[in-house]
Every structure is written in structure tokens, then in C-alpha cells.
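Quick note on labels: first sequence line is chain A, next is B, and so on, each numbered from 1.
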Amino acid sequence: MTDTTNGEVLLELDGITKQFPGVLANDRVDFDVKSGEVHTLLGENGAGKSTLMKILYGLYNADEGEIRLRGNPVTISSPSDAIEQGIGMIHQHFMLVPTLTVAENVALGLPSSKRMLMDLTPVRQRIRELSDTYGLAVDPDSYIWQLAVGERQRVEILKAIYRDVSLLILDEPTSVLTPAEVDDLFETLRQMTRGGRGLVFISHKLHEVMALSDRITVLRLGRVTGRTTPAETSREDLAHMMVGRQVKLAPTRTDSTVGEARLTVRGLNVIGDRGTPAVTDLDIEVRSGEVVGIAGVSGNGQRELAEALSGLRPVASGEVIINGTDTTNRSPKEIRRLSVSYIPEERMRDGTVAEFSVAENLILTDHDLPPISRRGFLDFNQIKQVGSALVKRFTVKTPTLETPTSSLSGGNIQKLIIARELSGDPELLIAAQPTRGVDIGAAEYIHSVLMGQRAQGTAILLISEDLDEVMGLADRIAVMFEGRIMGVLDRAEATISRLGLLMAGVEEPNDSE
Amino acid sequence: GDDDEGRDPDAPIRIAMVGPSASNDLAFTQSMVDSLDRLGQEHDIEVDITDGTFVIEDAAVAIRGYAEDGFDIVLAHGSQFGGSLSEIAPDYPDTYFAWGTSADTFGLENVYSYSVKADQGGYINGVMAGHLTESNIVGVVGPIEVGDIKAYIDGFANGVKSVDSAITVNINYIDSFSDVALAAEAAQAHVDAGADVLTGVSQMTVGATGVANDHGVIWFGSQSDQTPLGEDIVVASQIYNWDYQLGEIVDDLLAGVKNGRVITADFNNGGLSMAYNPGFALPSAVRAAADETEAGIRDGSISTGYE
Amino acid sequence: MLIGAVLAAGLIGAVMLLVLGANPLTGYAALIDGAFGGTKNLANSALKAMPLLLVGAGITVAFRTGVINIGGEGQIIAGAILSTLLVLALPDVPRLILLPSAFLFGAIGGAIWGGMAGALKSYAGVNEILSTIMLNIIAVQILNLLLRGPLMDPGEIERGSRIPHTERLSGNADLPILPGGTRLHFGVIVAVVMAVVCYVLLFRTTQGLRLRASGHNPFASLYAGMSVKRNVVLAFMYSGAMCGLAGVTLVFGSEGHRLATDGGATTFTGAAGFNGIVAALFGGLHPLWTIPASFLFGALLVGANAMQREVQVPAALILGLNGLVVVFVVASLQTRVRLAQIASRLRGEEQADLSLSDEASSAEAGADTS
Amino acid sequence: MSDFFTATVLLATLASGIRLATPFLLAALGETLGQKSGVLNLGVEGVMLLGAYGAYYATLRTDSVLIGIGVGVLVGAFMGVVYGVVTLALKAEQGISGIGIFIFGLGISDLLFQKQVGTPTPIDGLGHFSIPVLGDLPLIGEALFQQNVLVYVAFLLVPALWFVINRTTFGLNVKAVGETPEAADSLGVSVDRTRYITIIVGNAMAGLAGAALALELAIFQQNLTNGHGFIAIALVYFGAWRPSGVMAGALVFGLIQAMVLQWKTLGIVVGTTASIVGMFPAVLTILVLVVVSRGTGAPAALTRPFERGH
Ligand SMILES: Nc1ncnc2c1ncn2[C@@H]1O[C@H](COP(=O)(O)OP(=O)(O)OP(=O)(O)O)[C@@H](O)[C@H]1O
Ligand SMILES: Nc1ncnc2c1ncn2[C@@H]1O[C@H](COP(=O)(O)OP(=O)(O)OP(=O)(O)O)[C@@H](O)[C@H]1O
Ligand SMILES: [Mg+2]
Ligand SMILES: [Mg+2]
């Protein structure tokens with residue numbers, strides 16, 4: 001493959017193999033990173049990207065293969081070894097201590113200027129400097145649990161920059177960032193490469209990959225299936241390389257007839273985790289057969305809105321009416337019984353029981369309804385049938401139905417949730433970030449399923465930060481900022497720039513309604 | 001129990017004992033172990049002990065196991081074991097069972113029960129306490145208000161009052177046979193309340209005697225000789241000798257008769273006695289009063305007022 | 001693994017026996033004979049295991065719901081008290097009605113006591129470790145209060161011996177002795193049946209799925225429409241009810257056929273509330289495996305008592321070894337669990353080949369059409 | 001009734017309450033440290049017993065209280081090593097191995113006592129130490145500042161532990177490891193090493209708690225601690241994993257016990273009412289927590305063994 005940089009070789013992975021029970025996650029993978037370059041790892045969900053990087057960072061031990069740093073073979077059997085070698089990693093799932101502050105999370109594991117005693121003053125100082133330099137605004141004294149996911153991601157990045165590593169692994173760092181934040185991050189990353197560092201970048205967003213990478217390696221089913229550079233390839237080619245077939249990158253819209261209101265929200269107020277208002281005087285309506293998108297930078301009340309609608313969070317005031325029934329402050333169970341489905345944002349926490357098998361998670365919400373439940377007893381034949389059918393239909397990649405869900409790749413867990421939530425043909429679907437972290441093949445499929453549901457008359461409230469996704473799917477787009485709806489645009493009148501202004505909290509001079 | 005021909009007179013007498021606390025508890029269980037030792041000097045016996053079985057059901061299994069194994073005499077040394085014994089004994093009519101302290105043989109021929117007139121020694125200790133107290137406040141650290149313990153404490157209180165009814169006797173049942181820390185605090189509470197004489201019963205008193213040692217408060221013991229717990233402060237202890245009751249049962253055994261009955265130990269039959277601490281300078285007048293009281297109890301001229 | 005752990009504890013025990021001047025061979029021979037030698041000893045082991053099994057199987061329900069129930073002691077006592085009150089009040093009711101009612105009341109008593117810990121956790125945020133320890137203390141005090149007060153055998157008051165136990169309870173509530181000439185009684189059957197019921201509840205019913213889901217991930221359970229708070233209360237009630245049944249067997253299956261204490265915390269229960277947890281753990285927190293596990297543990301306890309009698313060492317040694325066995329077994333358990341996991345995954349794969357083969361291959365095929 | 005409210009009785013109750021609180025406090029502080037790092041130790045009671053016996057026996061043989069204290073601490077630390085190996089290296093379920101340690105300690109302390117000592121023999125325990133000036137204060141001087149040395153140690157450990165947890169890098173590691181061990185691990189903080197330290201120190205404190213009990217009572221007995229260790233664990237939850245809260249809990253417990261004993265001594269409560277009063281501390285503990293309702297705050301990784309890659 002063509003070298004776009006002529007820096008020295010920082011890292012070489014040579015013939016890395018890793019077998020999990022039932023899955024060959026890495027199969028004789030060769031991979032290298034040069035100083036001053038961004039080398040992207042691309043691959044569908046479960047291809048083995050995270051596994052390869054976890055081996056490099058000492059979280060897993062490879063069954064076979066060698067790691068060389070600057071030409072010297074090294075043994076990395078723990079993160080401490082990796083840190084010692086100047087390797088940093090931003091993990092696919094947050095590695096933050098929620099009960100500690102930003103500064104404490106950053107200082108964790110580092111020597112203190114006062115030896116045994118903690119001294120956070122210089123840490124805060126440096127965090128502020130780094131925040132300014134790299135545009136990563138975050139208050140060093142906030143507790144992590146108080147932060148929105150986007151802010152948490154910024155803390156992860158800060159942690160890595162603070163440590164001044166020579167090789168940085170970024171496992172899907174952008175999946176929870178807004179486009180503007182992504183631009184800032186890329187600027188930061190370019191600064192880092194200019195200083196001679198090497199980066200490994202993992203993302204499912206092809207335009208990001210094209211924009212940032214120097215080189216690209218594609219993994220499929222644990223094997224390297226292609227090496228290329230942005231100059232030699234296109235998004236379509238990359239998609240084909242990853243998935244092994246042609247992928248449509250923009251969703252195909254079908255016709256649908258808009259019917260009666262399925263969700264009506266009036267004057268909704270919801271309090272957030274920090275005890276402050278998260279949703280303020282919000283009105284919205286979603287009718288049968290339409291998709292209403294909620295766009296906005298994450299942390300502007302979208303999660304609280306979704307939780308309040310699905311009964312997971314109390315409504316402070318206002319009214320939620322679903323299918324003509326007042327569901328304000330009803331339990332999640334009562335709301336689900338009105339044929340409501342919910343794809344949660346925090347899928348690892350809310351969406352599945354990690355220790356349960358794939359089959360058990362697939363019936364989690366319907367377990368006490370026929371045909372799964374017969375007079376309070378579980379019907380295992382039904383569970384198997386339903387489970388196999390869903391796994392097949394939604395191409396959830398799992399060795400067996402009995403496999404613990406925790407050992408699925410992130411994207412496959414997301415597919416599992418979507419399979420379950422769409423299995424009952426809901427009348428109202430609340431979908432929060434449905435394709436976050438999902439590979440393009442799966443995203444395409446999820447989009448087509450959502451469109452299919454819409455055509456069948458499901459009312460869909462789509463909460464997404466991905467503007468392409470919202471603009472591609474939604475019939476109307478509401479933009480949320482600081483808990484309020486800044487404006488609602490029809491699909492036809494929505495442009496990136498208009499949405500962007502609303503997302504930044506700038507009111508439109510002339511109301512479009 | 002299936003040998004109808006009776007036991008072989010030349011074989012040693014096999015005695016088994018099930019006790020609730022440790023064999024060296026300086027209290028109830030040890031008193032029986034010591035008595036068995038003494039019995040061994042008179043008779044050819046073979047002794048088997050299961051101690052520390054505070055769980056009633058475990059004790060029941062052991063009692064049944066001993067009976068099953070053909071022991072001649074099975075001692076259920078703890079009043080809490082009676083309930084089980086009443087159900088086990090009928091199954092082994094050839095075995096001699098004895099239990100205490102209690103006054104109930106369930107109407108069974110092969111069950112003996114033994115009890116002590118602990119109020120007698122209590123009364124004697126009380127008389128001495130009444131003479132020795134200067135603050136006119138006396139404290140009692142008791143475990144649980146049952147059987148011989150209640151007898152001892154009531155006798156003690158009456159003994160004190162017989163000297164001077166104006167003396168305050170503070171009685172504190174701490175609700176535990178074994179909580180040493182609580183016993184210590186109870187003793188401390190008595191001292192804080194002005195007590196200069198203390199007494200107490202059961203294995204938890206080792207905590208109370210510690211406090212008594214600390215404050216130089218004098219101490220009266222019961223069940224075993226408690227002098228080792230405070231060479232300077234222990235005045236006297238009432239001692240349980242089960243020798244008398246054991247002797248009666250062994251005599252019946254050797255005579256081949258089963259005559260289940262309540263055997264009560266007192267000062268007259270030697271089942272109870274006083275042990276004075278030679279290291280304590282007891283004024284002779286007080287000692288004389290104690291001896292006089294003991295004589296009065298023996299001849300019935302003094303009543304302890306218990307029951 | 002399990003065997004290894006017991007052997008290791010046994011080895012240390014042998015050294016201790018030697019130090020104490022006893023012959024370890026004689027000692028262990030007595031232990032094994034006491035536990036397994038002959039039907040009578042086997043029966044004693046089963047009897048000892050019975051409350052452990054009831055408590056242990058109940059504990060698995062709580063553990064799988066993500067709550068630690070160390071309130072077994074209190075729940076046993078609560079079940080014992082309530083069933084005893086029933087039998088004292090209605091001694092003449094025929095056995096066929098009285099005995100089942102006694103079990104029912106015992107279960108209710110235990111469920112109430114356990115449910116309190118659950119409710120405190122769910123609705124007042126009181127940690128269950130704290131509340132169950134406290135509820136144990138309270139139950140012991142209530143037992144003492146009743147046995148020294150209103151429930152004391154009138155005969156004891158008359159004789160002045162004041163032993164804290166009830167009168168001999170109605171013969172209509174005696175647990176029937178099973179045929180075979182041993183002391184084995186009906187309670188053993190109840191225990192095994194109830195362990196199976198716990199298994200069915202946990203793994204075969206919708207309620208069980210909810211309990212396990214709440215235990216593993218309360219957020220996801222809430223999201224899926226379950227009431228985690230209620231499940232916590234329910235789990236404690238099930239667990240407590242099982243302990244309550246253990247209380248019933250301890251009263252009506254005891255030699256004395258009465259509720260008795262000496263005031264000590266574990267005089268009546270024999271620490272079954274704690275040992276049951278150990279048995280459950282030996283059984284890998286699976287109700288069915290708890291059956292053989294509690295039998296082995298019960299046998300160990302019975303055999304140890306026999307050993308103590310045989311070689312005349314202090315009972316304290318047995319207790320110490322008991323603790324060692326627990327530690328060793330638990331320590332080796334994790335290794336066993338890992339082996340089991342690997343085994344089940346291998347088995348899972350075979351299943352996949354049989355049942356999921358076309359799905360799996362088509363899922364791959366869907367992604368593999370190049 | 002009025003007798004109880006005289007100043008002397010009240011102050012004696014206070015002094016007694018503080019004394020009774022001390023072993024609870026020492027053990028509960030140690031348990032707090034362990035739990036902060038994510039390790040639950042239900043074996044406190046057993047470790048206390050072994051520490052108590054060790055301290056008692058060493059003092060009996062050497063006549064030196066200091067050696068006694070040292071032995072108590074060492075015995076505790078040794079049990080900490082054992083518990084660490086069992087729960088960290090072998091990844092055993094924490095709750096149950098703790099119960100095993102409890103049973104082991106209960107048996108072995110008694111066994112050693114019966115074999116090495118036999119008859120309960122008093123030792124010269126901890127003398128009472130009057131703090132200069134403070135000890136001479138009228139009224140409260142005697143109650144608060146004429147206690148044995150370990151009482152002061154216990155109460156000084158409260159701010160000390162707070163400082164360690166909140167002001168040192170080690171404390172930061174402890175909190176991180178107890179909350180999100182994988183995050184700590186990914187930053188090169190050794191989860192196991194941190195937990196070994198907290199467990200060993202925590203158990204050493206349990207050993208010290210046992211020593212405090214044995215040396216204050218100047219005696220040893222089978223099951224000397226009689227449930228202290230379990231209540232100490234409960235106090236950690238009561239205090240919501242904060243040293244000051246744990247201290248408040250220990251004091252509440254100690255003071256109520258002292259009060260009940262005084263009431264019994266003075267004949268205010270008699271007979272079966274004693275049982276009702278006996279459950280008072282337990283009921284009150286629950287009620288306090290219901291009212292204060294701070295059930296949350298448990299270290300998220302409590303009882304969860306850490307294994308990399310899971
Ligand atoms: N700890 C584990 N135990 C068992 N299997 C695992 C484990 N971790 C990963 N796997 C399996 O290994 C394969 C590769 O997973 P990996 O997480 O590396 O995928 P990925 O390429 O990062 O996917 P994604 O884009 O969804 O994050 C998957 O099939 C996954 O199920
Ligand atoms: N599938 C069903 N068919 C008939 N009755 C049911 C069914 N599921 C539940 N019930 C009944 O409805 C009541 C509440 O059920 P359930 O236990 O499912 O409540 P829940 O709110 O889901 O709480 P949780 O899930 O926490 O147990 C119970 O009386 C139960 O018997
Ligand atoms: Mg990944
Ligand atoms: Mg439900």
C-alpha cells in the first residue's frame with residue numbers, strides 16, 4: 001500500500017490471533033502505525049477491531065503474534081505496560097469513574113506533585129489550558145455523573161492528551177460527538193500527528209474516515225481484507241470492502257399515509273439528574289405514519305425527554321398522551337402495554353441484561369405476554385422460535401441463542417435491541433440514537449426497517465445527533481436546545497445550515513410555521 | 001439399648017455428658033466435669049464428653065447417639081436439653097438419663113433430674129456482702145432469669161437485706177450467658193451507681209470480675225470457685241458439687257434399680273459448699289456471721305426466703 | 001475442585017488433630033462413619049441438611065435478584081414463632097389440616113420478616129445487609145421475650161425452673177417420621193420439593209425471569225417494564241418464606257417438639273441461616289445443586305460432631321475446620337465456575353450446530369455475499 | 001426514674017457509651033476502607049476474635065500491653081493477607097468467604113484459648129489514661145478524656161481515615177477501584193494491589209478492635225466479641241461509607257447500650273421488658289436510616305471481583 005507519510009514505524013502488530021469461545025476475533029492480523037499518521041481500522045460490527053486494540057493496550061492477551069514498538073518486540077500484558085510504552089487508548093465504552101470529578105479522573109494513576117498527597121491545583125490548571133488549546137470545554141470540578149455523554153467523551157480525550165502519549169488508540173471516539181465537536185477533535189488529532197504521534201482511529205462514519213485517515217485497513221470476520229488510502233478509494237468502495245456487498249448510504253424513503261396523533265406532548269417539564277430543568281415547556285406531536293426527528297447536540301434534554309415519555313423519569317408538569325391515553329407519570333410497563341417501543345440511548349445500561357443470553361434479552365419486554373408466557377410459565381420452544389427468527393431477520397451476529405449478550409460486539413447488541421423493540425410492530429416508537437456505533441451495513445438495515453415501520457403506520461420519534469440520519473428519515477425535524485424546541489422544520493425546508501443555527505440556540509427571525 | 005440381661009458388673013461404668021459450654025468455663029459445665037473426675041477416683045468409670053453444644057438440636061443428636069452407643073448413664077447437663085430428653089428417654093429404657101438443673105423427670109423411671117438450692121449459698125454470700133458494703137449499694141450481674149441462677153440471685157438479695165433492709169441491691173440481668181463485654185459494662189454501671197460489692201453468675205462474669213479488679217470492688221462467686229479471677233477481690237464462692245447426685249445415680253445403677261427422681265443438692269447433703277479465698281482478708285466477725293448463717297440454713301432455722 | 005478444597009481443609013485439620021494429640025486417621029474415620037456410616041447416620045446428615053437446603057434454596061432466589069439475604073436467622077425465627085403460635089392456639093385440629101397450616105404460617109412468618117428487609121431496601125433505601133443484621137437481632141429478642149414471657153411452658157413457671165421453652169406442642173403437628181427406622185421425617189421431603197419449586201420459579205417462570213433481570217441489571221429491567229422495587233421485595237419474601245419453612249421443620253421436627261432457646265442468638269437455629277448461605281454457594285447458587293451441596297455440608301457438620309465425640313477434641317476445632325472448608329470451597333469455586341462456563345460454551349456451540357445452524361450460517365451469508 | 005437524670009449517671013453513661021463504641025468504631029473504620037475499594041468482608045467478627053485472642057495471649061505471656069496490641073494488629077493483618085489471597089487471587093465470592101473466615105476465627109480462637117490458657121486468667125489490661133488538662137475538666141473530663149489509649153486511637157483514626165480517602169493519591173485509587181475498577185485499571189492503577197492494601201489495613205484494624213476489647217476487659221473468652229463484628233459491618237452502611245458517619249453510628253450504638261444497661265442497673269427496666277429494650281439499638285438503627293434515607297452511595301463495584309477483559 002502507498003505510504004502517505006515517511007515517519008518511522010512506531011508500531012507493528014504481526015500475526016495477531018485471538019480466539020474467544022465460539023469466535024475467532026482476530027485471525028493472523030498484521031497492522032502497523034507510523035509516526036505522524038492516522039491509521040484507520042475499519043470493519044463491520046464484530047469484525048474484531050476493539051479486540052485487536054485491547055490486545056495492544058494489554059487488556060487481552062493474544063493467543064499468537066508479536067507486538068513491536070519502534071522495531072523492538074515488547075510484551076504488553078497490562079495497561080500499565082502499555083502506558084509505560086507511551087500508548088494511550090480512548091475506549092469504545094467510557095472508562096470514567098462517575099463519582100469522581102473530571103480533574104480526579106484525569107489525575108488518576110498519575111504521580112502527584114505532592115507525592116502521596118493529592119494535588120489537583122496543577123491538574124485543574126493544565127486541564128483548563130488543554131481545554132483552551134484544543135477547544136474541549138469542560139469544568140474540571142464537575143462530577144462525571146453530572147456530564148452529558150458528549151462531555152464525557154471530551155474528558156476521555158483530555159485524559160489521553162494530558163498523558164502526552166506517542167501512540168493513541170481512538171475506538172469510536174466520535175460516536176457521541178456533534179459534527180462541530182468532531183471538527184474540533186479532528187483539529188486536535190491533526191495537531192497531535194504534526195507533533196509526530198501515531199494514531200489508530202476506529203469509526204463507522206465513512207466521511208470521517210475519509211477526512212482524517214492517512215491509511216485505512218479493513219477487517220472482516222477477524223481477518224484483514226483490504227488496505228487502502230483515502231486518495232485511492234471512495235465511501236462506496238469502503239462500504240463494499242467492509243460489508244462485502246453494495247451498500248446504499250442514504251436511506252430510501254417510501255410513501256406513507258399520515259394518520260391520527262399517536263403521541264401528543266403538551267407543556268412538558270422534566271428535571272434532569274442534576275436537579276435542574278432538563279426539558280422546558282415542550283410541545284410535540286407525532287402522528288401515525290410519520291417520523292418526527294429531534295435534532296440537537298446531545299445533552300440538551302433529549303435523553304430526559306425520551307425517558308419521560310417512556311415512563312423511566314418523572315414528569316414535573318405537563319401532559320403526555322399516547323394513543324388517546326394520558327400516560328403522564330405512568331409506569332414503563334403501562335406505557336409499553338399501549339404498544340410503545342423504545343430504543344434507549346444508553347444501550348449497555350438500559351437496553352439489555354448483559355449476563356442474560358441473547359434469547360432472554362430478545363424476549364425481555366414480552367416475556368410475560370403470550371405466546372412466551374403461558375400462565376406465568378416461560379415457553380422455551382416459543383422463546384427459541386422467536387429468538388431464531390429475530391436473530392435471522394436482523395442479522396444479529398451471535399454464535400448461539402444461548403451466548404451471553406455481554407460477549408456480543410457493541411453493534412450487535414444494538415441490533416439485538418432494535419430487533420426486540422421492532423418485533424411487536426409498535427404503534428409508537430421512540431428511537432434514541434438508533435444507529436450510534438452501528439456499522440454501515442447495519443445502519444442501512446435499521447433505516448430501512450424504520451422506513452418500513454413508518455409505511456405500516458407506526459409513529460416514530462427519532463432522536464439523533466446525526467444530521468444526515470435525521471434529514472434522511474424524518475418528515476418533520478424539531479431542534480432541541482437547552483430543553484426547548486427551538487423550531488420545527490418540514491423536511492423540505494430543512495438545510496444543514498438552518499438546523500445548525502437552531503442547534504446552536506439561535507432563533508429563526510421569521511417562524512416557518 | 002437392647003441388652004435385657006443388665007450390664008456386666010465388672011465392666012467400667014460408661015458415662016456420657018453433653019454440656020452447653022466449654023469444659024473449662026469456670027462455671028456450670030466445668031463444675032460437672034470436675035465432679036466426674038472425682039467420681040472416677042471412687043469408681044471404675046469411662047467418661048465421654050461433648051461440650052460446647054449450645055445448639056439444642058445438636059445436643060439432642062449427641063444424647064441419642066450416646067444412648068444408642070450403649071452408655072450406662074447419659075447426662076444432659078443443661079436445662080434447655082430437657083425438652084429433647086423427654087422424647088428420647090422413652091426410646092432407651094435401659095439407659096439412665098440425668099439432666100439439670102431441673103425438677104422434672106417427666107414421670108419416667110430412667111430419668112433423674114438434679115437441681116441445686118443455689119439460694120442457700122446465695123444467701124450466705126449475701127449476708128457477707130451486707131456486712132462488707134460501706135456504700136450500702138450492692139450490684140448483681142446476672143445472665144438470664146432462669147432456674148438456679150434466679151435462685152442464687154434472689155437468695156443473695158435476701159441475704160443482703162437480712163443484714164440491713166436499707167441496703168440497695170441493684171440487679172442487672174444482661175440477657176446473655178456469654179457476652180463478656182456487656183457483663184463488664186453492667187459491672188461498670190453498678191460501680192458508677194455506687195456499688196462496692198458485686199456478685200454474678202455464669203461464664204460471662206469474667207468480664208464483670210475484670211471491672212471489679214480494676215476498681216478494687218469485692219466479688220462473690222457461684223457455681224465454681226472464682227478465686228482465680230481475682231486473687232485480691234474474691235471473698236468467697238458457692239461451689240456446685242454434683243458428686244452427691246452422681247453418687248445416687250451410680251448407686252441405683254449398680255443396684256440395678258431405676259428410680260427416676262429429683263435429686264436436690266444443698267449444704268446438708270454436700271452438694272453445695274462454700275470456698276473462701278485464703279488471700280482475702282475477711283474480717284473474722286463477717287466470717288463468723290457466714291458460718292452461723294450456713295449452720296442456720298443446715299438446721300433449717302434460717303430460711304433463704306426463696307420460693 | 002470441590003474435593004480438592006475439602007481435602008486441603010482435611011489436611012490442615014489432620015495437622016491440628018496431631019498437634020492436639022489425637023490420631024487423625026481415627027478422627028476422620030469417625031467423621032466419615034458419623035456422616036455416612038449406616039442408615040441412621042445418613043439420616044442424621046439429611047436431617048441436619050434439611051434446614052440448610054430450605055434456607056439455601058431460598059437464598060439462591062435472593063442472590064439471583066441481586067440482593068444479599070443474610071437475614072435467614074431472623075426469618076427462621078419468625079417462621080418458627082408464627083407456626084408455633086398457630087399450633088398453640090389450635091392444638092386439636094386434625095393433623096391433615098394442622099400440619100400444612102403450620103407450614104403455611106411458617107412461610108408467611110418468614111416472608112413477612114424477609115419482606116420487611118426488602119421493603120426497607122426498595123422504599124426507604126436501607127441497605128439490606130444492615131437491615132437483615134438488625135432484623136436478626138430483633139427476631140432473637142422477640143423470641144426471648146415470648147419464651148420468657150407469654151409462651152413459656154406453664155410447667156416451668158410452676159416448678160420455678162423457668163426454662164425458656166414452650167410446652168410440648170400438639171402431637172398433631174409432629175412431622176411424621178418416614179418409614180425406615182430412622183429419625184428422618186417429612187420435613188426432608190418438603191425441603192427437596194421446595195428446592196425444586198425454587199428452581200422452577202427462577203428459571204421456568206416469567207416471575208423468575210423478572211427477578212433475575214432485576215438482579216443483573218435494574219436499569220434494563222425498569223426499562224423493560226418491570227418493577228424492580230417490587231421484585232426486590234418479592235425476592236426477599238420468597239427467600240424469607242423458605243427460611244420460615246426451615247423454622248417450621250426445626251420446631252416440629254425437633255426431638256423436643258417445642259420452640260426452645262437459651263437466650264443465645266443461634267441456640268434455636270443452629271446458625272442454619274448462615275450455613276444455608278454456604279450450602280447455596282457450594283451449590284453454585286443453583287437451587288437444584290443446593291440439594292446435594294447441603295446434604296454434603298450437613299453430613300460434614302454431623303460427621304464432625306461424631307469425630308469430636310470419638311477423639312475427644314474441643315468442639316472449637318470442628319468449628320475452625322468448618323470455616324476452613326467454607327473458605328477453601330468458595331476459593332476453589334471460582335475456578336469451578338470458570339470451567340463450567342467454558343464447558344457450557346462448548347455445549348452451547350454444539351447446540352448452535354444443531355438448532356441454529358441455518359440461522360448462523362445465513363447471518364454470515366448475509367454479510368458474506370461477495 | 002429521676003435517678004437516671006443526675007449528672008453523674010448521665011456522664012457515666014456517656015463514658016460507658018464511648019467505651020462500648022470503640023471496638024465497633026475500629027472495626028467499622030477498617031471495613032469502610034475495604035468496602036471503599038470494593039471488597040466486602042463479612043469475616044470481621046472472626047478476625048476480631050483472633051486479634052482479641054492474640055492480644056490477650058501475648059499480654060498474658062509478656063505482661064506487656066503494647067506487645068499485646070502489636071500482636072492483635074499483626075494477627076489481623078495476617079488474616080487480611082489470607083482474605084486477600086482468597087478474594088483477589090482466587091476471586092472467591094466475598095460474602096461467603098467472609099462467613100468462612102468468621103466461622104474459622106470463632107473456632108480457632110476458642111481452640112487456642114482452651115489449649116493454651118484453659119481457665120480464664122485475668123491480665124493487666126489497658127490502664128486509663130487521663131489527657132493532661134482535658135482530663136481534669138470538671139464533669140466531662142472524666143467521661144471523655146480519661147479513657148484507655150485505644151479509645152483515643154479509634155477516634156483519631158476517624159479524621160485520619162477521612163484524610164487518607166479524600167486527600168491522598170492512594171485514597172483516589174481506592175475510590176476509583178471501588179467504583180469502576182476497569183477505569184482505574186486502564187490508567188495503570190493496580191486494582192489488586194490497591195485492594196490488598198485496603199484489605200490488609202482493614203483487617204489489621206479489625207484485629208486492633210479485637211485487641212481493644214480483650215485488653216479493656218482484661219480477659220478472653222470463647223466468642224468474646226459476641227456479634228460486634230457484624231454490627232460493625234452494619235455501621236459502615238449506617239455511616240454511608242463516611243468515617244464521620246461511621247463514628248456517629250458507633251456512638252449511637254454504644255450510647256444506647258450504655259443507657260439500657262444503666263436503666264437495668266437502676267431498676268428502671270426489669271424482666272421481659274429488657275428484651276424489648278434489647279432490640280432498641282437495632283430498631284433505632286433501622287429507623288434512623290429510614291428517616292435519613294441515604295441508602296445510596298455504596299461503592300459501585302462492592303463485592304464484584306475484578307477481572308481484566310470482562
Ligand atoms: N470478552 C469477550 N468474550 C467473548 N467474545 C468476545 C469478547 N469480546 C469480543 N468478543 C467477540 O469477538 C468478536 C469481535 O469483537 P470486537 O468487540 O472486537 O468487535 P468490533 O470490531 O470492535 O465491533 P464493533 O464495531 O461492534 O465495536 C465479536 O464477535 C465479539 O462477540
Ligand atoms: N401474562 C400475564 N397474564 C396474566 N396475568 C399476569 C400476566 N403477567 C402478570 N400478570 C398478573 O399481573 C399482576 C402484576 O404482574 P407482574 O408481576 O408482571 O407485575 P409487574 O408490574 O410487571 O412487576 P414485576 O415485573 O416487577 O414483577 C400479577 O397479579 C400477575 O399475576
Ligand atoms: Mg468495537
Ligand atoms: Mg412485568
Whatever's closer than 4.5 Å to a heavy atom in chain C on D:I233 counts as side chain

Under 4.5 Å from a heavy atom of chain C, the part of D:L40 involved | side chain

Taking atom [atom1] of [X] and atom [atom2] of [Y], what is their separation to the nearest 0.5 Å?
| X | Y | atom1 | atom2 | answer |
| --- | --- | --- | --- | --- |
| C:N127 | D:Y237 | CG | OH | 5.0 Å |
| D:L42 | C:I129 | CG | CD1 | 5.5 Å |
| D:L111 | C:L321 | CG | CG | 8.5 Å |
| C:I133 | D:I231 | CD1 | CD1 | 8.0 Å |
| C:M134 | D:L284 | CE | CG | 10.0 Å |
| D:D110 | C:L319 | CG | CG | 8.0 Å |

Does some side-chain heavy atom of D:I286 sit less than 4.5 Å from a side-chain heavy atom of C:M116?
-> no

Side-chain contact test, heavy atoms from C-beta onward, threshold under 4.5 Å: evaluate it for D:I103 versus C:V327 and give yes or no.
->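 When only atoms from C-beta onward are counted, C:V327 and D:I103 do not touch, as no gap falls below 4.5 Å.
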
With chain C, which of D:G46, D:G43, D:G100 has the greatest number of heavy-atom pairs at distances under 4.5 Å?
->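 Answer, by heavy-atom pair count under 4.5 Å with chain C: D:G100.
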
Indicate, with yes or no, if the rings of C:F328 and D:F104 have centres closer together than 6.0 Å.
-> no

Assign the ring pair C:F274 / D:F102 to parallel, tilted or perpendicular, where the plane angle (0 to 90°) is split at 30° and 60°.
-> perpendicular

Mind running side-chain contact (heavy atoms from CB on, under 4.5 Å) on D:M279 and C:V140 for me, showing each step along the way?
-> CA-CA 9 Å; D:M279 59 182 94; C:V140 170; over 6 Å; no

Quick one: what part of [X] sits under 4.5 Å from any heavy atom of chain D, side chain, backbone, both or neither?
| X | value |
| --- | --- |
| C:L146 | neither |
| C:L317 | both |
| C:N136 | neither |

